[in-house]
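For reference, the structure is listed below as structure tokens.
Counting convention: from 1, in listed order, for ligands and their atoms alike.
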Amino acid sequence: MRIVFIGPPGAGKGTQSLRLAKHLSVPPLSTGAMLRDATANGSELGIESAKFMKQGRLVPDHLVEQILFQRLGDPDCAEGCIIDGFPRTVPQAEALDQWLAERQSPLEIVLELYVPFEELQRRLAGRGRADDSQDVVKKRLRAYDDLTRPLLDYYQGRSKLHRIDGLGSPDEVFERMLAAIKSVKPKQQ
Ligand code: ADP
């Protein structure tokens, strides 16, 4: 199954997508993690991306697309994957749809992890990642509102979107995700 996860910073996407990937035995793909790895490795793409990440801005589409599509083409992704953190803009969603359509491997479901704004701020204040300073967090939340929220309409219009209540214990949230996935019949290839 190919699953996309959408949700604001602090919603718990990272944790839940790793758990779901394990449960479904498919690889978890996080563009945030890939970009942080690329930065740590000192690659050109990583160094360029870090300039944007440090400021809480989105990395330009062509850089993120390059890193994601390269990974998506690996053999272990052929049967499915969980994509966390991509797409984040409508052009990215279009690029992903096109990439998948060319390989006859459509997305089955898009999960939106929903957490109210006040709770996000509370969670992010206690996390302590390099790009979690108050100012940068604010910018990331704003980028989500401005650029990523329109994606919800995009996927809603394609009947792919399922909203998951992200409040409660991690186990409760996970059970809600499984229920949403069960409600979707995997498409025949
Ligand atoms: P969060 O969802 O908490 O912001 P991520 O690890 O998903 O954390 O992303 C961290 C940063 O990586 C983002 O603020 C952004 O700069 C960059 N990034 C990750 N994915 C994308 C993407 N699809 N498009 C643009 N930038 C991205």
Side-chain angles (χ1 to χ4, degrees), residues 2-21 27-73 77 81-100 107 110-152 154-155 163-164 166 170 173 177:
R2 263 164 295 272
I3 300 174
V4 156
F5 244 118
I6 299 181
K13 273 179 308 151
T15 314
Q16 294 290 355
S17 63
L18 287 180
R19 194 165 165 182
L20 188 60
L29 271 49
S30 154
T31 45
M34 288 179 202
L35 292 168
R36 283 189 288 278
D37 282 350
T39 306
N41 293 338
S43 74
E44 207 176 306
L45 188 151
I47 291 165
E48 183 61 22
S49 302
K51 295 181 198 161
F52 296 88
M53 296 167 80
K54 266 195 290 206
Q55 299 174 42
R57 294 169 62 195
L58 290 187
V59 172
D61 290 347
H62 71 279
L63 294 177
V64 191
E65 285 166 18
Q66 188 183 325
I67 208 165
L68 176 77
F69 293 149
Q70 189 175 351
R71 177 70 184 92
L72 260 185
C77 296
C81 61
I82 313 286
I83 309 178
D84 155 23
F86 188 100
R88 262 180 157 91
T89 64
V90 172
Q92 287 182 12
E94 289 166 347
L96 178 63
D97 274 351
Q98 191 186 334
W99 195 93
L100 292 173
L107 267 185
V110 176
L111 299 175
E112 177 203 359
L113 205 50
Y114 178 79
V115 174
F117 185 75
E118 293 70 29
E119 171 68 10
L120 292 175
Q121 277 190 315
R122 203 182 59 75
R123 290 186 187 180
L124 289 164
R127 201 163 70 168
R129 207 172 67 195
D131 56 352
D132 277 349
S133 76
Q134 235 183 2
D135 199 35
V136 172
V137 159
K138 251 190 222 153
K139 286 197 186 124
R140 281 165 48 216
L141 288 170
R142 194 167 322 133
Y144 182 79
D145 270 336
D146 293 347
L147 298 166
T148 307
R149 238 178 242 292
L151 266 186
L152 303 177
Y154 178 92
Y155 285 123
R163 178 182 263 204
I164 309 293
V173 176
M177 288 170 18

Self-check item: Subset of ligand 1 atoms that lie under 4.0 Å from at least one heavy atom of T31
Solution: 19 (C), 20 (N), 21 (C), 23 (N)

Quiz item: Can you check whether Y154 reaches D97 side chain to side chain, under 4.5 Å on heavy atoms?
Solution: yes

Practice problem: With V4 as reference, evaluate I82, D84, L96 under the side-chain contact (heavy atoms from CB on, under 4.5 Å) test and give the passing residue. | Solution: L96

Self-check item: Numbering as shown, the atoms of ligand 1 that approach Q92 to under 4.0 Å (heavy-atom distance)
Solution: 22 (C), 23 (N), 24 (N), 25 (C)

Exercise. List the closest protein heavy-atom neighbour of atom 5 (P) of ligand 1: residue, atom name, distance to the nearest 0.1 Å.
Key: R88 NH2, 3.7 Å

Quiz item: Starting from atom 26 (N) of ligand 1, which protein heavy atom do you reach first, and at what distance in Å?
Solution: V59 N, 3.0 Å

Quiz prompt | For A93 against P87, the heavy-atom pair lying closest together | solution = N-CB, 3.4 Å

Quiz item: Is M53 close to V59 at the side-chain level, that is, under 4.5 Å between some pair of heavy atoms?
Solution: yes

Quiz item: Is there side-chain contact between L29 and F5, with at least one heavy-atom pair below 4.5 Å?
Solution: no

Quiz item: Thinking salt bridges, do E119 and R123 make one under a 4.0 Å N-O criterion?
Solution: yes

Exercise. Do me a favour and list the nearest non-hydrogen protein atom to atom 12 (O) of ligand 1 with residue, atom name and distance?
Key: M53 CE, 3.4 Å

Quiz item: Is it the side chain (CB and beyond), the backbone, both or neither of V64 that lies under 4.0 Å from ligand 1, heavy atoms counted?
Solution: side chain

Exercise. Give the ring-plane orientation class for W99 versus F69, where under 30° counts as parallel, over 60° as perpendicular and anything between as tilted.
Key: parallel

Quiz prompt | Under 4.0 Å to a heavy atom of R36 - the qualifying atoms of ligand 1, by number | solution = 6 (O), 10 (C)

Practice problem: Check R140 against ligand 1 and report side chain, backbone, both or neither, counting heavy atoms closer than 4.0 Å. | Solution: side chain

Exercise. Report yes if G85 has an N/O atom closer than 3.5 Å to an N/O atom of ligand 1; otherwise report no.
Key: yes

Quiz item: atom 27 (C) of ligand 1: which of D131, T89, L35 has the nearest heavy atom?
Solution: L35

Quiz item: Do the side chains of V90 and L151 get nearer than 4.5 Å, heavy atoms only?
Solution: yes

Quiz item: What are the atoms of ligand 1, with element, lying closer than 4.0 Å to any heavy atom of R57?
Solution: 15 (C), 16 (O)

Quiz item: For atom 8 (O) of ligand 1, what is the nearest protein heavy atom, given as residue, atom name and distance?
Solution: R129 NH2, 3.2 Å

